[in-house]
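What follows is one structure encoded as structure tokens, with my remarks underneath.
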Amino acid sequence: MKLNIVCIPGDGIGPEVVAEAKKVLNAVADKYGHEMSFTDILMGGASIDACGEPLTDEAIATAKAADAVLMGSIGGNTSTSPWYKLPSHLRPEAGLLKLRKALNLFANLRPANLYEELKEACPLRDDIIGDGFDMMIMRELTGGLYFGERSTKEVDGVMTAVDTLTYNEDEIRRIAIKGFDIAMKRRKKVTSVDKANVLDSSRLWRKVVEEVAKDYPEVTLEHMLVDNCAMQLVKNPRQFDVILTENMFGDILSDEASKVTGSIGMLASASLNDTKFGLYEPSGGSAPDIAGMGIANPIATILSAAMMLRYSFDLDAEADAIEKAVKKVLEENYRTIDIMPQEEDKKATVTQIGTAKMGDLIAERI
Ligand code: IPM
Ligand code: MG
């Protein structure tokens, strides 16, 4: 199969982790006889530095013409980087939001599962971890607070900032359908997360989700308020299968879920539209504090590449091969610094390695 992949290395640790994912994809291409071409585009701070804006129209056109996009991460230190002195529409994150909107990537899938081998890195108590957990956060990605009108201006002599949270029923319906479809392939439970005790947008969300649920009689639907969900994720993460939620709640809850699994460096993600096209990226950020040190965990990006093979190209065997190779390397007790055991005496039982070595080992095991 011929796969035309556009890569966005981006900022911070992005270029380091994308390089490892490419390594692994090349190993897959060799083994399974696929032809993969990679084209890089700039986004975020890298694009601001080179082109004066976080994402150019040419870059969007290149991404649109691809079969799928593989991204690292964008952005820098929000207190020290000169990028954050720019007006908000020229900052690194604006590039990513523009791309999500331009490609209509409304469905963001963020799986969070606990690897048996990483139980030692999980901050939860053993009795809470039990035999592990496996959930999928389905985050709406092109609506809500991220894309509503905003302004900062003086009102009656007082500086006042406004962000608006808007959802229409069609936007809610299409993400709910994706959520229920995914649940049908999993343990058939959807937890729809909202703040319906306060927000109108959440009350509409709940109503539409209930309508969609009628078409999925096999799926159990429950509603949960977002503050309670934040608590339940650390109290009893095993209760969750699919968490279906709006943009901002999903942003926050997916970081929390990833930490519960041991490290944000393990969490992959897929952002999909109504076609087979998707953008795949680690859920974590650009980690400017460790950029260039060669210690970032590339596994989330490598697993995102596996999601790409599965969702955009229907290459299930190839995706399985990547996921198995990752598991194998963990079983062989190789760890990047972020997934080292927390207790001193357990540290000696594993080998700490850097980004490139982790990529090499996974590629070798394809
Ligand atoms: C994420 C990130 C982005 C988001 C930022 C970089 C705009 O935190 O993908 O979770 O908030 O969506
Ligand atoms: Mg986030």
Side-chain angles (χ1 to χ4, degrees), residues 8-15 17-18 42-48 53-55 63 69-79 81 83-84 86-112 135-148 150 163-165 167 171 175 193 226 229-230 233 243-261 263-273 278-289 291 296-297 300-301 303-304 307-308 338:
I8 307 179
D11 308 319
I13 60 169
V17 293
V18 167
L42 294 174
M43 193 167 85
S47 176
I48 296 173
E53 53 176 318
L55 183 69
V69 177
L70 180 67
M71 191 189 132
S73 51
I74 52 132
N77 184 314
T78 50
S79 1
S81 163
W83 298 329
Y84 295 92
L86 296 166
S88 61
H89 69 284
L90 290 177
R91 289 181 201 167
E93 287 72 11
L96 178 57
L97 301 188
K98 193 172 160 191
L99 190 65
R100 286 175 180 167
K101 200 69 171 179
L103 302 175
N104 195 26
L105 303 170
F106 64 87
N108 183 214
L109 280 67
R110 297 190 163 181
M135 62 190 116
M136 176 71 86
I137 298 187
M138 176 65 89
R139 168 188 177 196
E140 200 291 329
L141 203 59
T142 51
L145 276 173
Y146 278 67
F147 293 95
R150 62 181 101 254
D163 294 285
T164 33
L165 202 180
Y167 271 108
E171 291 168 318
I175 186 75
V193 175
V226 61
C229 183
L233 274 171
I243 292 180
L244 171 66
T245 192
E246 64 91 51
N247 205 346
M248 175 65 99
F249 297 160
D251 178 44
I252 298 168
L253 295 175
S254 61
D255 266 34
E256 187 187 359
S258 71
K259 185 59 210 173
V260 162
T261 68
S263 169
I264 193 155
M266 297 295 298
L267 193 66
S269 90
S271 305
L272 309 174
N273 61 20
L279 178 143
Y280 300 85
E281 56 168 321
S283 284
S286 60
D289 50 326
N297 186 349
T301 316
L303 291 173
S304 301
M307 288 185 93
M308 176 176 86
D338 56 305

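Order of appearance sets the numbers: ligands from 1, and atoms from 1 within every ligand.
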- Item | Residue and atom names of protein N/O/S atoms that fall under 2.8 Å from the Mg ion (ligand 2) | Asp251 OD1

- Item | Residues in side-chain hydrogen bond (donor to acceptor under 3.5 Å, both in side chains) contact with Asn77, at least two apart in sequence or another chain | Ser79, Thr80

- Message: If you compare all heavy atoms of Leu272 against all heavy atoms of Gly278, which two are closest, and at what distance to 0.1 Å?
- Response: CD2-CA, 4.0 Å

- Note on the structure: Closest heavy-atom pair, Pro92 versus Gly75, reported as atoms and distance to 0.1 Å, is CB-CA, 3.7 Å

- Query: Taking atom CZ of Arg139 and atom CD1 of Ile175, what is their separation to the nearest 0.5 Å?
  - Reply: 10.5 Å

- Rounded to the nearest 0.5 angstrom, the CD1-CG distance for Ile252 and Leu233 is 12.0 Å

- Message: Which protein residues come within less than 4.0 angstrom of ligand 1, counting heavy atoms only?
- Response: Glu93, Arg100, Arg110, Arg139, Tyr146, Asp251

- Partner set under ring pair (Phe, Tyr, Trp, His ring centres under 6.0 Å) for Phe106, not counting sequence neighbours: none

- Do Leu86 and Ile48 have side-chain heavy atoms sitting under 4.5 Å apart? yes

- Task: Verify side-chain contact (heavy atoms from CB on, under 4.5 Å) between Leu109 and Tyr280, making sure each step is shown before the conclusion.
- Result: CA-CA 10 Å; Leu109 280 67; Tyr280 300 85; over 6 Å; no

- Task: Could you go through the side chain to side chain donor-acceptor pair (under 3.5 Å) check for Tyr146 and Glu246 one step at a time?
- Result: CA-CA 10 Å; Tyr146 278 67; Glu246 64 91 51; over 6 Å; no

